[in-house]
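Notes follow once the structure below has been shown.
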Amino acid sequence: MSDFSAEDHRHMGEALRLAELGLYTTDPNPRVGAVLVKDGKVIGRGFHKFAGEAHAELLALQEAGAAAKGATLYLTLEPCSHQGKTPPCADAVVKAGVAKVVAAMTDPNPQVSGKGFEKLKAAGIAVSEGLMAAQAKALNPGFISRMTRGRPWVRSKLACSMDGRTALANGESKWISCDASREDVHRWRARSSAVLTGIGTLLADDPTFTVRLPGEWRQPKKIIVDTNLSTPLDAKVFKLNPDLVFIATGVDDPEEHEALNAIGANVQVFPERRGFMDLKDILETMAELECNEVLMEAGAGMNGALLEAGLLDELILYVCPSLLGDKARGMFSLPGISSMSERRELEIVDVRMFDKDLRLILRPKA
């Protein structure tokens with residue numbers, strides 16, 4: 001039997017909806033929502049919008065003013081207890097005289113984890129945790145991954161025909177998917193800290209990897225895995241915010257980096273293992289760059305490598321009603337298997353239609 005009432009669920013549901021309003025803007029901070037309730041009425045609401053600006057609970061407290069004393073605060077994430085770009089939120093909650101805090105989950109940040117709750121309890125504030133925790137975690141998979149695993153949450157975006165092909169044998173792939181699917185991809189880019197690709201995709205398609213939706217949007221970093229440093233200086237990826245382009249290479253020669261650095265790109269050398277770039281090392285460096293969610297838009301080689309290394313967390317697959325034939329390109333370059341027991345199993349976690357295309361969200365089974 002749950003210790004939480006229907007009213008608790010209702011208010012936490014609103015806090016989660018508020019948190020989702022920061023889906024595209026909070027990076028690298030987590031998406032957090034807050035609802036302040038007194039005598040059954042909501043007296044304050046807030047959500048975190050931009051890093052460096054007020055946190056959700058502070059905005060809810062500001063809206064409530066003096067009425068916050070004796071109220072219950074519903075939070076999707078434990079209040080911070082350390083001085084960052086903003087003062088500790090736990091201190092503000094204590095100062096406002098809040099009587100009770102209901103939180104969905106503990107903050108996975110080691111600087112905070114449990115310490116915010118301890119501050120509240122030490123001040124005599126009742127604390128309950130765990131209400132709608134799964135929904136709260138689903139809002140911040142990248143932040144949680146970065147804090148607990150030291151690497152971002154990695155999604156791969158692929159569009160394929162009904163026979164599982166992503167491009168013709170000559171590389172032509174525009175367009176397998178429909179307009180609605182491609183617009184959805186831009187939303188995935190918009191919520192991501194970075195887009196990850198390989199030099200093969202860059203040379204074949206010359207993509208920009210920008211968010212192209214109506215209005216103003218934060219642009220993600222672009223990470224290019226380029227073992228031999230073959231990235232052309234006139235690539236379209238440099239046309240907007242070249243300072244957001246990071247090139248991971250095995251070429252350890254500063255003179256060969258100069259031209260790329262001169263146009264604003266960031267070149268970093270990584271070790272190779274058995275002739276391939278160390279993708280785990282690259283992802284860990286991306287976490288150090290405060291990347292939470294990474295959207296991979298690459299070919300079969302990188303998709304297969306990340307899947308084999310256990311570094312691919314999620315697959316966004318647009319299945320389109322067409323056939324390209326057995327000479328066309330596949331989705332993953334993987335070692336051959338000799339028995340069904342060796343197959344890589346995936347779990348479908350979401351299914352929906354985008355016009356004529358079927359979008360599947362899948363995760364590798366542990």
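Since the model is a prediction, treat every value here as computed from it, not as a measurement.
One N or O on the side chain of T26 and one on the backbone of N29 form a donor-acceptor pair closer than 3.5 Å. Within the 3.5 Å criterion, the main-chain N or O of P30 finds no donor-acceptor partner in the side chain of N140. Looking only at distances, no side-chain donor or acceptor of H257 sits under 3.5 Å from a matching main-chain atom of V269. With hydrogens and angles ignored, the 3.5 Å screen pairs a side-chain donor or acceptor of R165 with a backbone N or O of A328. A donor-acceptor pair under 3.5 Å is formed between the side chain of N303 and the backbone N or O of A298. With hydrogens and angles disregarded, a donor-acceptor distance shorter than 3.5 Å links the side chain of R31 to the backbone of L139. In this structure, the side chain of T210 does not engage the main chain of R212 through any donor-acceptor pair within 3.5 Å. Proximity of a side-chain donor or acceptor of E78 to a complementary backbone N or O of K115 within less than 3.5 Å is detected. A donor-acceptor contact shorter than 3.5 Å is absent between the side chain of K100 and the backbone of V127. Judged purely by atom type and a 3.5 angstrom limit, N266 uses its side chain to pair as donor or acceptor with the backbone of D243.
For A104 against T76, the heavy-atom pair with the smallest separation is CB-O, 3.4 Å. Smallest separation of non-hydrogen atoms from I43 and A71: CD1-CB, 4.1 Å. For the pair P108 and T148, the tightest heavy-atom approach, listed with the atom from each and the gap, is CB-CG2, 3.9 Å. Here the closest heavy-atom approach between residue A92 and residue L58 is recorded as CB-CD2, 3.2 Å. Nearest approach of L229 to E256, heavy atoms of both residues: CD2-O, 3.4 Å. Residue P271 comes nearest to D281 through the heavy atom pair CD-OD2, 3.3 Å, listed as atom of the first residue, atom of the second, then distance.
Test K157, R182, K222 against E297 for salt bridge (Lys or Arg N to Asp or Glu O under 4.0 Å) and you get one pass: K157. With respect to L196, the side-chain contact (heavy atoms from CB on, under 4.5 Å) criterion is satisfied by exactly one of L295, L279, V225: V225. The only member of R189, R352, R359 that meets side-chain contact (heavy atoms from CB on, under 4.5 Å) when paired with D184 is R359.
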*Test side-chain contact (heavy atoms from CB on, under 4.5 Å) on M105 and L77 and set out the steps.*
CA-CA 5 Å; M105 61 176 287; L77 187 70; 3.7 Å; yes

*Decide salt bridge (Lys or Arg N to Asp or Glu O under 4.0 Å) for E53 and K49; before the verdict, give the C-alpha distance in whole Å, the side-chain angles of both, and the deciding distance to 0.1 Å.*
CA-CA 7 Å; E53 293 191 2; K49 189 170 185 181; over 6 Å; no

*Taking it one step at a time, do D107 and F143 satisfy side-chain contact (heavy atoms from CB on, under 4.5 Å)?*
CA-CA 10 Å; D107 192 327; F143 182 75; 3.6 Å; yes

*Give the C-alpha distance, both sets of side-chain angles, the deciding distance and a yes or no for salt bridge (Lys or Arg N to Asp or Glu O under 4.0 Å) between D91 and K119.*
CA-CA 8 Å; D91 291 351; K119 270 193 175 185; 2.8 Å; yes

_Set out, in order, the CA-CA distance, both residues' side-chain angles and the distance that settles side-chain hydrogen bond (donor to acceptor under 3.5 Å, both in side chains) for S177 and D357, then state yes or no._
CA-CA 7 Å; S177 58; D357 296 344; 4.7 Å; no

*Do L36 and L61 pass the side-chain contact (heavy atoms from CB on, under 4.5 Å) test, and can you show the C-alpha distance, the side-chain angles, and the key distance before you say yes or no?*
CA-CA 7 Å; L36 200 59; L61 290 169; 3.9 Å; yes

_side-chain hydrogen bond (donor to acceptor under 3.5 Å, both in side chains) evaluation trace for N292 with S193_ = CA-CA 6 Å; N292 291 333; S193 308; 4.7 Å; no

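Rounded to the nearest 0.5 Å, atoms OG1 (T231) and CG (L260) are 6.0 Å apart. Note that CE of M132 and NZ of K137 are 14.0 Å apart. Values are rounded to the nearest 0.5 Å. Atoms NE2 and SG, from H55 and C80 in turn, are 5.0 Å apart once rounded to the nearest 0.5 Å. Taken to the nearest 0.5 Å, the CD1 atom of I176 stands 9.5 Å off from the CG atom of L158. Expressed to the nearest 0.5 Å, how far CG of L120 lies from CD1 of I125 amounts to 4.5 Å.
Taking a 6.0 Å sphere around CG of D253, one finds it holds more than 12 heavy atoms contributed by other residues, nucleotides or ligands. Heavy-atom neighbours of K95 NZ from other residues, nucleotides or ligands within 6.0 Å: at or below the threshold of 12. Enclosure of atom CD in E342 by more than 12 non-hydrogen atoms of other residues, nucleotides or ligands within 6.0 angstrom is indicated.
Between S128 and F4, the closest side-chain pair of non-hydrogen atoms falls below 4.5 Å. With contacts defined as side-chain heavy-atom distances shorter than 4.5 Å, the pair L131/H9 qualifies. Q268 places a side-chain heavy atom less than 4.5 Å from the side chain of T285. Side-chain contact check for T72 versus V101: every heavy-atom pair is 4.5 Å or farther apart. Counting only heavy atoms from C-beta outward, the side chains of M331 and L317 approach each other to under 4.5 Å. R151 is listed as a side-chain neighbour of L311, based on a closest heavy-atom distance under 4.5 Å. I361 is not listed as a side-chain neighbour of L315, based on a closest heavy-atom distance of 4.5 Å or more. Side-chain contact between V32 and F47 is absent, with no heavy atoms from C-beta onward closer than 4.5 Å.
With sequence neighbours left out, Y24 forms a ring-ring contact (aromatic ring centres under 6.0 Å, His included) with W217. In this structure, the side-chain hydrogen bond (donor to acceptor under 3.5 Å, both in side chains) partners of S145, at least two apart in sequence or on a different chain, are R149.
For the 3.5 Å distance criterion, the side chains of R343 and S339 fail to qualify, holding no donor opposite an acceptor. Side chains of S230 and N228: no donor on one and acceptor on the other come within 3.5 Å.
Residues L360 and Y318 are members of separate hydrophobic clusters, defined by side-chain heavy-atom contacts under 4.5 angstrom among Ile, Leu, Val, Met, Phe, Trp and Tyr. Hydrophobic clustering (ILVMFWY, side-chain heavy atoms < 4.5 Å, transitive): I247 and I223 are in distinct clusters. M296 and F209 are not part of a single hydrophobic cluster, where members link through side-chain heavy atoms under 4.5 Å apart.
In summary, K365 and E347 do not engage in a salt bridge, as defined by a charged side-chain N under 4.0 Å from a carboxylate O.
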